[in-house]
K.L.:
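Below are the structure tokens for one structure; questions will follow.
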2 protein chains.
Amino acid sequence: MSKKQTYSIGELAREFDVTTRTIRFYEDQNLVNPARRGQTRVYSPADRVTLKLILRGKRLGFSLAESRELIQMYQPSGDNRNQLLALQDKIQQRRDQLNQQLRDIQALQQELDDADQRCEDALTALEKPDHV
Amino acid sequence: MSKKQTYSIGELAREFDVTTRTIRFYEDQNLVNPARRGQTRVYSPADRVTLKLILRGKRLGFSLAESRELIQMYQPSGDNRNQLLALQDKIQQRRDQLNQQLRDIQALQQELDDADQRCEDALTALEKPDHV
DNA sequence: GGGGAAGTTTACGTTAACGTAAAGTATGCG
DNA sequence: CGCATACTTTACGTTAACGTAAACTTCCCC
């Protein structure tokens, strides 16, 4: 049972390599809402997960608004039918976007491989100016 | 032989669903450099490809500076050894980042699948309030 | 009890990537 | 010819996502 139950803002900042300003900014945007002990913020494991999701979103080029939406998707409130259907629609849109990103990444990987190969060729050409 | 050899700014804007302002901005940032016929810009197929690469980069969350770097990677000037090695280093960094994005996407896809499933469950639960 | 480390609030500053508006030019058409 | 359409330049405006600075409190430690 070594799992910490709470975190300070500094701990999280170090773990995720962001500034405390960034974490406070996310709170301002209602992305996390830590408890307080006096003035001091006290973060729960849930807050930590939320942070992780936001940063993953950033790596994929999502705005904070988009990440917020994604996070909310994970908690379908005991909603009404229409809201659930709307949610499924958004989920499908995200899936489409992710598939597009996958295709983009694969194309880019191929091009990087080619570029790397051209580097290799140029380097060996430097070693042997002629076919010795 | 139906391949167009030149494009107007309006054509490209329509094709890629961006504004002409955006394309001129990219020129300002030295990402494309169209020819001129009088005052009017005339874009080549190469310019069009560059635009395509920039927009793909955007879908992956790249800044214009990053996309510029990527595009330059495709044309290793008959460089000196050190520059080629530095280029290979950058290529490897990009590859690492792309692999991270791949992992992020896969995790997100799984979570979206789960969220979708929970929607389905909630919906069927709405149909049959009890197990009839 | 003086200081250093980590926390806090408040507030103005900054950068990227365009948006938007104004005012002018060139070209085809009925 | 007059007008619409598409192009041009110039320039100020805007939004997101923090950075940065100032001034303050709290806690711990020797």
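Labels below follow one simple rule: chain letters A, B, ... track the order of the sequence lines, proteins then strands, and each chain is numbered from 1.
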K.L.:
Within less than 4.0 Å of OP1 or OP2 of dC18(C), is there a side-chain N or O belonging to Lys58(B)?
P.N.:
yes

K.L.:
Could you list by number each residue of residues 22-45 of chain A showing a heavy-atom separation from DNA chain D of less than 4.0 Å, or answer none if no residue does?
P.N.:
Thr22(A), Phe25(A), Tyr26(A)

K.L.:
Taking atom C1' of dC18(D) as reference, at what distance in whole Å does atom CD1 of Ile9(A) sit?
P.N.:
13 Å

K.L.:
Do Gln109(B) and Asp113(B) pair up side chain to side chain, a donor and an acceptor below 3.5 Å, judged on atom types alone?
P.N.:
no

K.L.:
How far does CG of Leu64(B) sit from CD of Gln29(B), to the nearest 0.5 angstrom?
P.N.:
6.5 Å

K.L.:
Locate the shortest heavy-atom distance separating Ser67(B) from Gly57(B); write the atom from each residue and the value.
P.N.:
OG-CA, 3.8 Å

K.L.:
Between Gln100(A) and Asp96(A), do the side chains contain an N or O donor and an N or O acceptor separated by less than 3.5 Å?
P.N.:
no

K.L.:
dC18(D) C1' sits how many Å from Arg21(A) CZ, rounded?
P.N.:
6 Å

K.L.:
Let's see if you can work this out: which of dC7(D), dG19(D), dA11(D) has an atom nearest to the side-chain heavy atoms of Ser8(B)?
P.N.:
dC7(D)

K.L.:
At what distance, to the nearest 0.5 angstrom, does CD of Gln106(A) lie from CD of Glu111(A)?
P.N.:
12.0 Å

K.L.:
Counting only non-hydrogen atoms, which of residues 11-19 of chain B are less than 4.0 Å from DNA chain D?
P.N.:
none

K.L.:
If you measure only the distance, is there a donor-acceptor pair under 3.5 Å linking the side chains of Glu27(B) and Asn33(B)?
P.N.:
no

K.L.:
Looking just at side-chain N and O atoms, do Asp47(B) and Thr50(B) make a donor-acceptor pair shorter than 3.5 Å?
P.N.:
no

K.L.:
Heavy atom of residues 60-72 of chain A under 4.0 Å from DNA chain D: which residues?
P.N.:
Ser63(A), Leu64(A)

K.L.:
Hey, is Arg81(A) close enough to Glu127(B) for a salt bridge, meaning N to O under 4.0 Å?
P.N.:
yes

K.L.:
With distance as the sole criterion, is a donor-acceptor pair present between the side chains of Gln92(B) and Asp116(A) under 3.5 Å?
P.N.:
no

K.L.:
Looking at every non-hydrogen atom in both residues, tell me the closest pair between Pro45(A) and Gln5(A) and how far apart they are.
P.N.:
CD-O, 2.9 Å

